[in-house]
Each structure stands twice: as structure tokens, then as C-alpha cells.
Amino acid sequence: MNLADLNKVALAMVTPGKGILAADESSGTIKKRFDAIRVESTEQSRRDYREMLFRSTEAMSQYISGVILYDETIWQDAADGTPLIKLIEQSGAIPGIKVDEGTQALPGCPGELVTVGLDRLAERLKKYYERGARFAKWRAVIDIGQGTGIPSMTAIHVNAHALARYAALCQAAQIVPIVEPEVLMDGDHDIDRCYEVTERVLNETFQELRLQRVALEGMILKPNMAIAGKKSAKQASAQEVAEKTIRLLKACVPAAVPGIAFLSGGQSDADATAHLSAMNRIGNLPWNLTFSYGRALQAAPQKAWSGKAENVAAGQRAFTHRARMNSLASKGEWKADLEQKAA
Ligand code: 5MM
């Protein structure tokens, strides 16, 4: 492992003013997104959609540091025969790859999940590196149940253990691991319950990373923010989300980690941007804080595109706008009126 090179890639992924496009929806997830815009999900429609994003010159060259790809996409060619991964490289962004293979029910823990995909991961990473991937992503999913003992310490532990196994294998293959332990915002819990569960999850994750000798300087953390559940009647203000998330991260994330790139987790586009900007306005942080959004970057372009070739320019404008707003947020410079001006 060359740690200096891993650290260089990790720092480039969290360059202030840039963030990560999570375009790694598995076939099942992209079908759900396409169903919402009434587009049939085929190999070609998925290719056309992602090609539209990767050919958004301003967004890709100025606001996007890296793109997380799904296995199908990393091997796909654009309509003119150029490999999609080359489009990303030509824009100056770094290609990355999702390597987890989704979740399975966790035996003994009804209602809980464990992320799988460690078998043969070393060989898969070698092929992805040869193809051009310089970072990878693995997502663990932790649910918050109401009065059900969920999440159990078992679910937290096995998911943290797998995240660390994945991260160690990535670094051995000279690939920067994005470590994503996602605490879902699906329930009706308040922000303090999310804080408490996320604190347990992050502490366990870093304990496992240390035990498995993962070099913290050569990884990126992709966490959820401290935020109330979607169904909670008690929603927190942007300032409260920012202050509690920063307090939580300072308590759990060692300063050796070069950067933190948040997931959006189902927040509205504007909330995800406002929260990131409010955190960066607090300032004086030991790590760079940016975005690694899927839905909060893509919902608008998906709607604008709606599967029609004549809407490609509109889709690219919508993507560029969200990427620019989040770029400003990564520097603490986003303001709500910038959204209205663009509307
Ligand atoms: C883009 O969605 C990613 C893949 O999801 P599936 O494996 O479920 O298809 C997902 O891991 C994503 O990278 C993160 O959850 C962040 O995306 P959001 O939409 O939460 O910002």
C-alpha cells in the first residue's frame, strides 16, 4: 500500500468547492427512480441518463470531484463508443465504484440487515483498479426502530466489521475506501435519538477500522447527518442539524481522516444543501466537509430529462445548478436566494 498516494486521492475527493456524485444506484434502485419519471429502465436508458450527467461539462469540471459508479456503468460505453469512465476522467473527476452487493436479512436479528459482498472482493478490486477506479464505496444500513431494540448492538457490530474488512481490502488494492455507515432517517424518531444511534455506529466503525489496521489518512467517511426522522413531528432547524452533526463528528471521527462526504438520505434538495452550508459556516474543522449525494443531486435532472433526448440540455442545466449549489455549500457560501434566482 502506498499511503501517500491514497491520501492524495482522498484529499482530491474532498477539495473545497467540489464533492462526489453518487451515481451507483443498483438496477433495482434506478428502476424505482425511472418509474417515478415514467421511463423504462433498460441498459440503454440507464446509459443515456448517466452519459447526460457525465457530459455536463461545467458541473463535472468545476463542482464534482468524483463519481461513484455501479458495476454495469463502469464497463459501459457512451453512444459514440467512448467508455463512460473515460468521460469522467476527461472532465478531471475521479472514477469510483460501489463494491458492496447489497443487504441481506441478519440471522437472529429480525428486521435488521447486513451488507454483503466480501467474497472475492480482492479479485474484483484488482479488475476495477485496472479499469481506472481509484476509490470505492460500501454502504451499511442501520435502521432506527421505535421501542423494538433496533438497532441491536449485533447489527451495528457486524456491519462495522464488514465495513472495516472492505476498507482494509481496498487499501491493499491501492483504492481509497469510502466508508458509509448510514443510519436511516425513515422513522419518527427525533434528532437526539438519531444522534445517539449514529454515535454508537461511528464509534463501533472506528473501533473496527483501528482493529483491522485501516490507515485513516487513506479513507473518506460518508455518514448521515444528525437529523430527525422523516415522520417526526419535531423537525430540527438547519442550525440545530449543523451544530449537532458537528458536535457528533468531533466526538467520533479522528482528525487523521482527510474528509467527510455526507449522504443526503432522503432530505429535500434544498435541505441537504442548507445543512452542508450551515456546517461549513461553523468552520474550524479538522476535516474537509462535502457532499456525496445521490438523490439530492439527481432528483432535479431526472425530472427535467424524463427520458427524452430533446430534454438532455434541460437535464444538464438542472444537474449543474444542484452541483453548483452544493459546491457553494461545501465552502459555507450557499444562500437560499441563489435557489430562487435560478428558478
Ligand atoms: C445512489 O444510491 C446509492 C446506491 O443505492 P442502492 O445500493 O440502494 O441501489 C446509495 O448507496 C447512495 O450512494 C447513498 O445512499 C447516498 O445517496 P443519497 O440519495 O442518500 O444521497
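All ligand and atom numbering here is 1-based and tracks the order in the structure.
- Counted by atom type alone, Tyr49 and Gln298 present one or more donor-acceptor pairs between their side chains at under 3.5 Å.
- Remark: ligand 1 and Ser264 share an N or O pair separated by less than 3.5 Å (distance only, no angle test).
- For atom 6 (P) of ligand 1, the closest non-hydrogen atom of the protein is Thr29 OG1, 3.5 Å.
- Panel note: side chain Thr15, backbone Lys18; no donor-acceptor pair is recorded below 3.5 Å.
- With ligand atoms numbered from 1 in the order given, ligand 1 contributes 1 (C), 13 (O) to contacts under 4.0 Å with heavy atoms of Ala22.
- Under a 4.0 Å criterion applied to the non-hydrogen atoms of Gly265, ligand 1 contributes the atoms 18 (P), 20 (O), 21 (O).
- With Arg33, Gln267, Glu101, Glu180 as candidates, the residue nearest to atom 15 (O) of ligand 1 on a non-hydrogen basis is Glu180.
- Of the protein's heavy atoms, Asp24 OD1, 3.4 Å lies nearest to atom 3 (C) of ligand 1.
- The distance from the CG atom of Asp80 to the CZ atom of Arg55 is 4.5 Å, given to the nearest 0.5 Å.
- When Lys137, Glu25, Lys98 are checked for heavy-atom proximity to atom 10 (C) of ligand 1, Lys137 turns out nearest.
- Using a 4.0 Å cut-off to heavy atoms of Leu263, the atoms of ligand 1 that qualify are 16 (C), 21 (O).
- Within the cation-pi definition used here (under 6.0 Å to the ring centroid, within 45° of the axis), Arg134 qualifies as a partner of Tyr129.
- Looking at Val99 and Trp138, their side chains come closer than 4.5 Å, going by heavy atoms from C-beta outward.
- Side chains of Tyr63 and Glu58: a donor-acceptor N/O pair is present below 3.5 angstrom, by distance only.
- If you check each of Ser26, Gly294, Ser27 against atom 17 (O) of ligand 1, the one with the closest non-hydrogen atom is Gly294.
- Annotation: Asp100 places no N or O atom under 3.5 Å from an N or O atom of ligand 1; distance criterion only.
- A side chain to side chain donor-acceptor pair (under 3.5 Å) with Glu25 is found for one member of Lys31, Arg50, Lys32, Arg33 and no other, namely Arg50.
- Of all the heavy atoms in Asn280 and Lys331, the pair that sits closest is CB-C, 4.1 Å.
- Numbered from 1 in the order shown, with element, the atoms of ligand 1 that lie under 4.0 Å from a heavy atom of Glu182 read 15 (O).
- Of all the atoms in ligand 1, the ones that sit under 4.0 Å from a non-hydrogen atom of Arg295 are 18 (P), 19 (O), 20 (O), 21 (O).
- Interface atoms of ligand 1 facing Tyr293, defined by a heavy-atom separation under 4.0 Å, are 21 (O).
- With contacts defined as side-chain heavy-atom distances shorter than 4.5 Å, the pair Leu21/Phe319 qualifies.
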